[in-house]
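As structure tokens, the structure follows; a few thoughts come after it.
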There are 2 protein chains.
Amino acid sequence: MTLTTAEENYLKAIYHLSDGGTKSVSTNDVAAEIKTKAASVSDMLRKLGEKEVIEYRKYYGVNITEEGKKRALQTIRKHRLWEVFLVDKLQFAWDEVHEVAEELEHIQSPLLIQRLDEFLNYPKFDPHGDPIPDEFGDVRARPRVALIEMDINQTGQIVAVKDSSAAFLKYLDKVGAYIGARIKVLDKVEFDGSMEILVDQKKTLFMSKDVAANILAIQS
Amino acid sequence: MTLTTAEENYLKAIYHLSDGGTKSVSTNDVAAEIKTKAASVSDMLRKLGEKEVIEYRKYYGVNITEEGKKRALQTIRKHRLWEVFLVDKLQFAWDEVHEVAEELEHIQSPLLIQRLDEFLNYPKFDPHGDPIPDEFGDVRARPRVALIEMDINQTGQIVAVKDSSAAFLKYLDKVGAYIGARIKVLDKVEFDGSMEILVDQKKTLFMSKDVAANILAIQS
DNA sequence: TCATATTTTTAGTCACACCTAAAACTATAA
DNA sequence: TTATAGTTTTAGGTGTGACTAAAAATATGA
Ligand SMILES: [Mn+2]
Ligand SMILES: [Mn+2]
Ligand SMILES: [Mn+2]
Ligand SMILES: [Mn+2]
């Protein structure tokens, strides 16, 4: 059973909104994510339910099935491998890859993805720090925490961003925050939740709580 | 004005069938090329006519316009660049690339194609020896002749194939004919049009007239 | 020239993926 | 408990790109 491009996009959205299948998702949430109308979503949910990649109970939202999870992870794998290709091989900036990967992820060719993976030397993470599922859908997840959750004097390393929008990524480029940077929390301002972060033991960075909530780190 | 994937495929077919815009093309010819029905083609020709990429006179076939030619060449450029990528970087065989390139050619991103061209070091020909148009649609065409047209004792070099089907390409792999091979016509059998070809001054190849008609060479 | 074969277009239908408007259902809080 | 706000589904419709069957136009050759 094959999925259309639209069906793959919906399934991926449901997978993300459900935190990898751990909770159910509402019609309106899907509509917002896909940027379409609730009526269109209802239609599509019925179809995805018939294909048994989601479990759909009218008026009570959807849950992704095991089969659906597997399919979604395949699409996510392709999306992230293409992002690595664009950044590592074609010198795209990390804020330029999302749109194109959104198209490339739907190309149907198992051989292509296998060879691309090999060509990229089996990367484990995409340019935004998100893990790349293997061909069986298995993900090597790292325990990640938002900067905002870290305490003063704690150290760690930036490993990913929660928000992959071009605006946010460009801002990070500008201030010199990048994936792999070693960090230390110098201060947390109680009044507005903003933070002062030491980057690579030399540069001090001030960031709002909105920024700090969208940078993910591993603690050390 | 943007073209859909289907429209791009039709336009490319019309471009090829018209020998690069030099002759008009019938509805049935397009239907055969696209593997669809004449009724569907009539519908699409009306739409392409409205978009002014073809000139469509009911019952008298179509001619591609200058704008249409430009569009078709952009798609052909993308198709052939992807084929080079698949063969040179991902170790695809030359008979495995067509289907995938047929999908990849529709990805919309000028930056992607510019960077891909650069990454591949501005190739001038695809794996089947076909020329890759530049970003303005200009093609450096070589004067090519089918092997079947060559005379005894003439020498040359294989530069392309007319038929890019997997069956034909696999056959060429098997017998050791490849693009770049230096050749000499040793014999032409009048009875059945078959030929005897010396490859790289060491190997003798017997081929039917059907095979000889689908191998293109430059004469030396 | 005129009958017939061939090609092409038109008419009507379908699946897909979207839309708006209206109806149906659920959640909430007075 | 019940009115109402909010959510979701249904009904009906659109554009795209395919199909079959039938009608119309063109090409052919006796
Ligand atoms: Mn997508
Ligand atoms: Mn990413
Ligand atoms: Mn194509
Ligand atoms: Mn080719």
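Bear in mind that the values here come from a model prediction, so they are computed numbers and not experimental data. Below, read A as the first sequence line, B as the second, and so on, with proteins coming before strands; counting in each chain starts at 1.
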Measure the distance from CG on B:Leu48 to P on D:dG15 and round it to the nearest whole Å. 18 Å
Just call it for A:Ala38: base, sugar-phosphate, or nothing, with non-hydrogen atoms closer than 4.0 Å on any strand. base
Just how far is it from atom NZ of A:Lys47 to atom OH of A:Tyr10, taken to the nearest 0.5 Å? 8.5 Å
Contact class for B:Ser42 vs. all strands (heavy atom < 4.0 Å): base, sugar-phosphate, or nothing? base
Does the salt bridge (charged side-chain N to carboxylate O under 4.0 Å, His left out) test come out yes or no for B:Glu67 and B:Lys70, once each step is laid out? CA-CA 5 Å; B:Glu67 174 64 19; B:Lys70 223 182 67 191; 3.6 Å; yes
Would you say A:Ser40 reaches C:dC19's phosphate, i.e. side-chain N/O to OP1/OP2 under 4.0 Å? yes
Nucleotide nearest A:Lys47 (side chain, heavy atoms from C-beta), chosen from C:dC16, D:dT10, C:dA11: C:dC16
For nucleotides 22-29 of chain D, tabulate all protein N/O to nucleotide N/O atom pairs closer than 3.5 Å, reporting atom names and distance.
{"unit_1": "D:dA25", "atom_1": "O4'", "unit_2": "B:Tyr59", "atom_2": "OH", "d": "3.4"}
{"unit_1": "D:dT26", "atom_1": "OP1", "unit_2": "B:Tyr60", "atom_2": "OH", "d": "3.4"}

Would A:Glu50 and A:Arg46 count as a salt bridge (charged side-chain N to carboxylate O under 4.0 Å, His left out) here? Give the steps. CA-CA 6 Å; A:Glu50 279 164 16; A:Arg46 191 187 37 71; 3.3 Å; yes
Between B:Lys37 and D:dA18, is there a contact of a side-chain N or O with OP1 or OP2 at under 4.0 Å? no
What residues 21-28 of chain A contributes to the DNA chain D interface at heavy-atom separation below 4.0 Å is A:Ser26, A:Thr27, A:Asn28
Just checking B:Glu118: does its CD atom have more than 12 heavy atoms from other residues, nucleotides or ligands closer to it than 6.0 angstrom? yes
Side-chain donor-acceptor pair under 3.5 Å between B:Asp192 and B:Ser194, yes or no? yes
Just the rounded figure in Å: distance from P of D:dG17 to CD1 of B:Ile34. 12 Å
Nearest nucleotide by nearest heavy atom, which residue falls closer to the 5' end of DNA chain C, B:Arg57 or A:Met44? B:Arg57
Nucleotide D:dA18, atom P - distance to CZ of B:Arg46 in whole Å: 13 Å
Please give me the minimum heavy-atom distance between A:Gln74 and A:Asp134, naming the atom from each residue. NE2-O, 4.1 Å
When rounded to the nearest 0.5 angstrom, what is the spacing between CG in A:Asp43 and NZ in A:Lys37? 14.5 Å
Scan B:Asp43 against the nucleic acid and name what it touches under 4.0 Å (heavy atoms): base, sugar-phosphate only, or nothing. nothing
B:Glu7 CD - D:dT16 C1' separation (whole Å): 9 Å
Side chains of B:His106 and B:Asn9 only: does a donor on one sit below 3.5 Å from an acceptor on the other? yes
Nucleotide C:dC18, atom P - distance to NZ of A:Lys35 in whole Å: 14 Å
C:dA17 phosphate, OP1 or OP2: any side-chain N/O from A:Thr4 under 4.0 angstrom? yes
Over how many whole Å does the gap from B:Leu45 atom CG to C:dT10 atom P extend? 11 Å
B:Arg71 bridged to B:Glu7 by N-O distance under 4.0 Å: no
